[in-house]
Amino acid sequence: MQTNRFVLAGTGSGVGKTTFTIGLMKALQEKGKIVQGFKCGPDYIDPTYHTAVTGRVSRNIDSWMFSHEAVRDIVARASKDADVSIIEGVMGFYDGKSPLSDAGSAADISVVTESPVILIVNCASMARSVAAVVKGFQMLSDQPNIVGVIANQVGSVGHYEIAKAAIEQECGIPVIGYLKREEGIDIPSRHLGLVPAIERGELDTFFDKLGSLMAETIDLDQLLELTKAPVLQESGQLFAEQPSQNICIAVAKDAAFNFYYEENLNLLRAKGAELQFFSPLANEPVPAEADGLYIGGGFPEEFADILAENLNAKQSIREAVAKGLPTLAECGGFMYLTEAITNSNGDRYGMVGVIPGEVAMQTKLAALGYREIFGTQHNFLIGTDEEAKGHEFHYSKYSGSHNTPAYETKGRFGNKQEGYQAGNLVAGYTHFHFVSNPKLVDNWLTACKKVKNHD
């Protein structure tokens, strides 16, 4: 059996993969296709666009954070009723965890998932030389299957024809279309107002415009012909449904807190937990039936004034933590649980206050990259003999007293003690991916049972 599935990757220079991904998704939808999106790597923003366009939750897949079998399983599960699956790459095609291997790269994902590759090439100020760029990507590894090219940043139709002729002669693969340099397509704000703008439908016109542009200058029929791929089969193990544990995990989810890997939520459900969503931004309390609490990342600093005034939500979270509900707070959730957030304008707003200290936004990136995560004593989620993987990305800095760290992380610059742990509260800047170690979910539910049974 075959389906349509491909990795959409770039050379890493002025490519705009997300622009092409969104546009192709919309154009293929207009052809009556059901489209499923995926994103290589840990990024939360690009999948938000995918989901908005397709109406289907986009998935993150990462060959460094979790096993190849898990990657295939996620793709198989999410795409089983889709006509076309588009896997958006990360940075350049071969860029991943290390400059010395393909691990975590779009190239690696293409091999693991047996997916053909469409390479987007920046053709600005190049003619025949663009063929050398494509040839280099073909020759670096003989494992990925690069089947076609889209020319980006071309100055005119004549420029496109020159680049197309050079690539097809020297590289032996077709160039299936282009996007002009002067189109002036700018992706809207990639973070601050993204979620509310999507919810209000403000980006629909933009999505339609991208789809029309792609349909005009890219041969969609040729794209579909080139990107036939074998249907992947589910292993049936990772997300095998278990009996109900009679455990409810409350999940904070709204425009301020929306960075959750879908597979994290699915693993909780598969292992028998019930999820109840609530909105701190709407001043909703933690659901009364909650046995555990999950506050993910997002942009609490952008809504700090509202969050500060929502006393009902803050008090209910304080009570839940004090009661001993096993609570995981990641990045934005961690920020929210501190005493205060100072935004980029210097305005300070009081937050929940269960973590001593506060955070302040800065214009300079504070941390970015993959993390290996090692547990600490008394951590309900990840023990001293356990490891997991995730990532860190934030512009804020935390300042507080000498607190008990939640875990130890290892990144490019070595190891560090990170986060805050007290009782059944585990909080920090690192985003966990539960697929990297599904036992974390078992640990969480076990901790919830202990508290529930004690009550």
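All values below were derived from every heavy atom in this structure, side-chain atoms included, with hydrogens, water molecules and symmetry-related copies excluded. Computed from a predicted structure; not experimentally measured.
Remark: the backbone N or O of Pro116 is not paired with any side-chain donor or acceptor of Asn145 at under 3.5 angstrom. Proximity of a side-chain donor or acceptor of Gln315 to a complementary backbone N or O of Val352 within less than 3.5 Å is not detected. The closest donor-acceptor contact from the side chain of Asn60 to the backbone of Asp43 lies under 3.5 Å. Judged purely by atom type and a 3.5 angstrom limit, Thr227 has no side-chain atom pairing as donor or acceptor with the backbone of Asn4. Remark: side-chain polar atoms of Asp95 are paired, donor with acceptor, to backbone N or O of Gly92 under 3.5 angstrom. Side-chain N or O atoms of Lys253 include none that pairs as donor or acceptor with a backbone N or O of Phe278 at under 3.5 Å. Side-chain atoms of Asn264 come within 3.5 Å of backbone atoms of Phe434 as a donor-acceptor pair (strictly under, hydrogens ignored). A donor-acceptor contact shorter than 3.5 Å links the side chain of Ser58 to the backbone of Gly37. In terms of modelled atom types and a separation under 3.5 Å, the side chain of Asn424 and the main chain of Leu325 share no donor-acceptor contact.
Side-chain contact between Arg5 and Leu232 is present, with heavy atoms from C-beta onward closer than 4.5 Å. Using a 4.5 Å heavy-atom threshold, the side chains of Leu24 and Ile218 count as touching. Tyr370 places none of its side-chain heavy atoms less than 4.5 Å from the side chain of Lys389. Contact check for Leu293 versus Leu328: no side-chain heavy atoms found under the 4.5 Å cut-off. Counting heavy atoms from C-beta on, the side chains of Leu337 and Met351 never come closer than 4.5 Å. Using a 4.5 Å cut-off on side-chain heavy atoms (C-beta onward), Phe380 and Cys448 make no contact. Considering only heavy atoms from C-beta on, Thr11 stays 4.5 Å or farther from Ile120 through its side chain. In this structure, Ile247 and Lys449 have side chains that are in contact, with non-hydrogen atoms separated by less than 4.5 Å.
For the residue pair Asn415 and Glu408, a side-chain donor N or O sits within less than 3.5 Å of a side-chain acceptor on the partner. Side chains of Lys439 and Asn443: a donor-acceptor N/O pair is present below 3.5 angstrom, by distance only. For Lys397 and Gln362, the side-chain atoms include no donor-acceptor pair closer than 3.5 Å. No side-chain donor from either of Gln421 and Thr376 sits under 3.5 Å from a side-chain acceptor of the other.
A ring-centre distance under 6.0 Å is found for Phe334 and Tyr429. The aromatic ring centres of His431 and Tyr261 sit 6.0 Å or more apart. In this structure, the ring of Tyr407 has its center less than 6.0 angstrom from the ring center of Phe432. For Tyr260 and Tyr294, the ring centers are positioned less than 6.0 Å apart.
Among residues two or more places apart in sequence or in another chain, the salt bridge (charged side-chain N to carboxylate O under 4.0 Å, His left out) test is passed with Glu262 by none.
Between Val426 and Ala406 the shortest heavy-atom distance is CG1-CB, 4.0 Å. Pairing each heavy atom of His394 with each of Ser396, the nearest pair is ND1-O, 2.9 Å. Heavy atoms only, all atoms of each residue included: Val117 and Ser110 are closest at CG2-CB, 3.6 Å.
Salt bridge annotation for Glu234-Arg77: present, with a cationic side-chain nitrogen under 4.0 angstrom from a carboxylate oxygen. Under 4.0 Å is where a charged nitrogen must lie from a carboxylate oxygen, and between Arg371 and Glu392 at least one such pair does. With respect to Asp81 and Arg56, a salt bridge is recorded, a charged nitrogen being found less than 4.0 Å from a carboxylate O.
The CD1 atom of Ile45 sits 11.5 Å away from the NE2 atom of His50 when rounded to the nearest 0.5 Å.
Around atom CD of Glu289, more than 12 heavy atoms belonging to other residues, nucleotides or ligands sit under 6.0 Å away. In the displayed structure, Gln242 atom CD is contacted under 6.0 Å by more than 12 heavy atoms of other residues, nucleotides or ligands.
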Problem - Audit row: Phe259, Phe299, ring pair (Phe, Tyr, Trp, His ring centres under 6.0 Å) steps and yes/no - result: CA-CA 9 Å; Phe259 287 171; Phe299 303 105; 5.2 Å; yes

Problem - Lys39/Glu88 under salt bridge (Lys or Arg N to Asp or Glu O under 4.0 Å): CA gap, chis, key distance, verdict - result: CA-CA 5 Å; Lys39 174 65 181 183; Glu88 181 183 340; 3.3 Å; yes

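Within the structure, every pair that satisfies the salt bridge (charged side-chain N to carboxylate O under 4.0 Å, His left out) test and touches residues 347-368, not counting sequence neighbours, is listed here: Arg348-Glu358.
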